J.: 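Let me begin by handing over the structure; questions about it come next.
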Amino acid sequence: MKAGVSTACLYPALTEEALYQLVINGISHVEIFLNSDSELHKTFIANLADIMKRYGVTCQGLHPYACPIEPMMLFSRYERRMTDMLDYYKKHFEAMNMLRAKIFVLHGNFKICAVPVELYCERFAKLVEIGKEFDITVAQENVERCQSGSLQFLREMVRILGNDANFVLDVKQAVRANESPVNMLHILGKHVCHVHISDHGEKGNCLMLGAGEFKIRNFLEYLAKYQENCSVILELYRENFRGISDLVSNYRMLARMISGIEKNCN
């Protein structure tokens, strides 16, 4: 497993500035959240890749800014939109190849415009197949406001898609959906390929690690049994920490926990 931090934590800082702030402060593994169409230009992506190379940083996941329009573009009855969106996400896969990222994070369809799970999986599978052409894993994130917020829905995805069902387990989103992150991990098992981690408790559902009641070490120990190569990405909202030093200290805490678990496993 590998600890990392999402550039989304520093939003609304520009993506390149957020990445730079993370890497100059010693964070060696990241997830990149693209925030605008212009950020898909090859010169922009090449600049991000150059920053990462200069500081010896790796990137495992990429999160598209276009997730709010996925319901309309991927899951409506107007199939031409789906074709256009599949082509658009190819540009993201090309960017990921330049960044050497492997996990594409998908939010998917909103609950308020839910479609049958069979149709959902049919559309999801089309994106998965294109991802494979670029050596990219398309992974469904559990998001409370989306159909994917339900563990039962994710189980149905596994039933229908088998090994093509891969998931980003977001701890705070599980809590918001009244799902247990640990139970989700046990049920989805090896299908979890990426994690967004945070703490939660009486003070909120998106807290710095150690500020809540989540048994983080236990969760990581379970995760190691299912997916030993998983990236565990700290993802906090800007109002949930004071500054970059908080992110750095939390990143180091997470890295120490993972290192300790790996030593015990060996």
Side-chain angles (χ1 to χ4, degrees), residues 2-27 29-36 39 48 59-71 101 103-108 110-112 139-146 148-149 167-182 184-185 192 194-216 219-220 230-255 257:
K2 204 166 189 178
V5 181
S6 173
T7 61
C9 295
L10 293 172
Y11 181 88
L14 294 175
T15 301
E16 66 275 26
E17 293 178 1
L19 176 62
Y20 186 69
Q21 284 300 312
L22 294 180
V23 303
I24 65 172
N25 281 282
I27 291 168
H29 190 56
V30 297
E31 176 178 298
I32 292 178
F33 195 122
L34 295 182
N35 287 293
S36 180
E39 295 179 359
L48 297 185
C59 172
Q60 181 71 348
L62 183 136
H63 203 309
Y65 79 96
C67 49
I69 65 170
E70 287 169 354
I103 305 295
F104 180 76
V105 182
L106 186 83
H107 279 197
F110 293 146
K111 288 188 292 187
I112 60 172
Q140 173 69 65
E141 183 176 12
N142 60 296
V143 180
E144 187 276 331
R145 66 180 177 275
C146 296
S148 61
F167 303 112
V168 179
L169 200 169
D170 188 300
V171 171
K172 62 183 173 298
Q173 292 290 341
V175 173
R176 290 178 173 185
N178 295 315
E179 299 278 8
S180 161
V182 173
M184 291 187 79
L185 179 57
V192 174
H194 197 68
V195 170
H196 289 161
I197 199 164
S198 55
D199 208 336
H200 54 270
E202 292 183 0
K203 296 179 181 179
N205 54 39
C206 182
L207 304 174
M208 289 180 58
L209 306 185
E213 302 162 9
F214 186 39
K215 295 181 180 178
I216 299 164
F219 175 83
L220 295 173
C230 188
S231 288
V232 185
I233 303 296
L234 181 68
E235 187 184 72
L236 302 172
Y237 300 126
R238 189 60 190 85
E239 64 269 20
N240 298 125
F241 62 97
R242 292 166 297 182
I244 190 71
S245 61
D246 284 344
L247 292 180
V248 172
S249 64
N250 247 205
Y251 163 75
R252 290 174 178 169
M253 176 193 299
L254 180 59
M257 286 186 187

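None of the values given here were measured: they were computed from a predicted structure. Position 1 is the first residue of the sequence; numbering continues from there.
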J.: Determine yes or no for a side-chain-to-main-chain donor-acceptor pair under 3.5 angstrom, with E70 supplying the side chain and G108 the backbone.
T.: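 Here the side-chain-to-backbone pair exists.
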J.: Decide side chain to side chain donor-acceptor pair (under 3.5 Å) for H107 and E141; before the verdict, give the C-alpha distance in whole Å, the side-chain angles of both, and the deciding distance to 0.1 Å.
T.: CA-CA 5 Å; H107 279 197; E141 183 176 12; 3.1 Å; yes
J.: Is any NZ, NE, NH1 or NH2 atom of the basic residue among K172 and E144 found under 4.0 Å from an Asp or Glu carboxylate oxygen of the other?
T.: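 Judged by the 4.0 Å cut-off on N to carboxylate O distance, K172 and E144 do not form a salt bridge.
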J.: So, E39 side chain and N35 main chain: donor-acceptor pair closer than 3.5 Å or not?
T.: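 It does hold such a pair.
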J.: Just jot down the side-chain hydrogen bond (donor to acceptor under 3.5 Å, both in side chains) partners of E31, sequence neighbours excluded, or say none.
T.: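 Residues passing side-chain hydrogen bond (donor to acceptor under 3.5 Å, both in side chains) with E31: H194, H196.
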J.: Taking it one step at a time, do V30 and L19 satisfy side chain to side chain contact (heavy atoms under 4.5 Å, CB included)?
T.: CA-CA 8 Å; V30 297; L19 176 62; 4.1 Å; yes
J.: Could you tell me whether the side chain of N25 and the main chain of Q21 form a donor-acceptor pair under 3.5 Å?
T.: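 Answer holds: yes.
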J.: Looking at every non-hydrogen atom in both residues, tell me the closest pair between R238 and L10 and how far apart they are.
T.: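 Taking R238 first and L10 second, the nearest heavy atoms are CD-CA, 4.4 Å.
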J.: Between L254 and Y251, is the side chain to side chain contact (heavy atoms under 4.5 Å, CB included) condition met? List the steps.
T.: CA-CA 5 Å; L254 180 59; Y251 163 75; 5.7 Å; no
J.: Has the side chain of N142 got a donor or acceptor atom that lies under 3.5 Å from a matching backbone atom of D170?
T.: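 Present.
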J.: How close do A177 and G149 get, heavy atom to heavy atom, and via which atoms?
T.: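 Where A177 meets G149 most closely, the heavy atoms are CB-O, 3.6 Å.
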J.: G243 and F241: which non-hydrogen atoms are nearest, and at how many Å?
T.: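 Here G243 and F241 meet closest at O-CD1, 3.4 Å.
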J.: Treating N240 as the side-chain partner and L236 as the backbone partner, does any N or O pair qualify as donor plus acceptor under 3.5 Å?
T.: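 No, N240 side chain to L236 backbone: no donor-acceptor pair under 3.5 Å.
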J.: Looking at H29 and A3, what are the two nearest heavy atoms and their distance?
T.: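 The pair with the smallest heavy-atom distance is CB-O, 3.2 Å.
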J.: Could you pull out all donor-acceptor pairs under 3.5 Å where a side-chain atom in residues 207-214 meets a protein atom, sequence neighbours excluded?
T.:
none

J.: Show the nearest heavy-atom pair for residues F104 and P64, with the distance to one decimal.
T.: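 Closest heavy-atom pair between F104 and P64: CZ-CG, 3.7 Å.
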J.: Any side-chain to backbone donor/acceptor pair from S231 onto I233? Under 3.5 Å, distance only.
T.: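 No.
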J.: Check whether any side-chain N or O of S148 sits under 3.5 Å from a backbone N or O of V143 as a donor-acceptor pair, and report yes or no.
T.: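 Judged by distance alone, yes, a pair lies under 3.5 Å.
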J.: Kindly indicate, with the supporting measurements, whether the criterion side chain to side chain contact (heavy atoms under 4.5 Å, CB included) is fulfilled by T7 and E16.
T.: CA-CA 9 Å; T7 61; E16 66 275 26; over 6 Å; no
